[in-house]
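Positions are given from 1 along the sequence. Values below: every heavy atom of this structure, side chains too, minus hydrogens, waters and symmetry copies.
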Amino acid sequence: MLNFPVPDIDAAVDELTAKGVTFLRNEGMTDDRGVSRKGGPLIAWFTDPSGNVVSILEE
């Protein structure tokens, strides 16, 4: 897994979503945007075109 630190996860999710990225969602773990806000850092996952899981992580 590759993690990219971002200063503002909500702004990064908005920017990537506008470019066509679909964030992974897991009921009970992520919100409707695909961000995990429960315990630990704010993080969101998506897959690259090869199917590798990538995340953005709020610093």
Side-chain angles (χ1 to χ4, degrees):
M1 179 179 292
L2 182 60
N3 298 307
F4 289 101
V6 297
D8 181 338
I9 198 155
D10 291 310
V13 167
D14 289 342
E15 182 177 343
L16 290 168
T17 299
K19 294 181 179 186
V21 173
T22 301
F23 286 88
L24 303 175
R25 291 175 177 83
N26 183 332
E27 190 174 329
M29 184 175 170
T30 60
D31 63 16
D32 62 341
R33 302 182 71 200
V35 178
S36 176
R37 300 180 188 273
K38 296 181 179 185
L42 301 179
I43 188 168
W45 299 270
F46 59 95
T47 56
D48 70 10
S50 296
N52 300 302
V53 177
V54 180
S55 72
I56 55 173
L57 174 73
E58 186 170 296
E59 297 182 294

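- In this structure Asn3 satisfies the side-chain contact (heavy atoms from CB on, under 4.5 Å) test together with Met1, Ile43, Ser55, sequence neighbours excluded.
- A donor-acceptor pair under 3.5 Å is absent between the side-chain atoms of Asn26 and the main chain of Met29, judged by distance alone.
- The hydrophobic clustering, which links ILVMFWY residues whose side-chain heavy atoms are closer than 4.5 Å, places Phe4 and Val13 together.
- Each of Ile9, Asp10, Asp31, Val6 was evaluated against Leu42; a single residue qualifies, Ile9, per the side-chain contact (heavy atoms from CB on, under 4.5 Å) test.
- If you chain together hydrophobic residues whose side chains sit under 4.5 Å apart, Phe23 and Val54 fall into the same group.
- Using a 4.5 Å heavy-atom cutoff, the side chains of Ile56 and Phe46 are in contact.
- The two atoms that bring Glu58 and Pro7 nearest to each other are CG-O, 3.7 Å, heavy atoms only.
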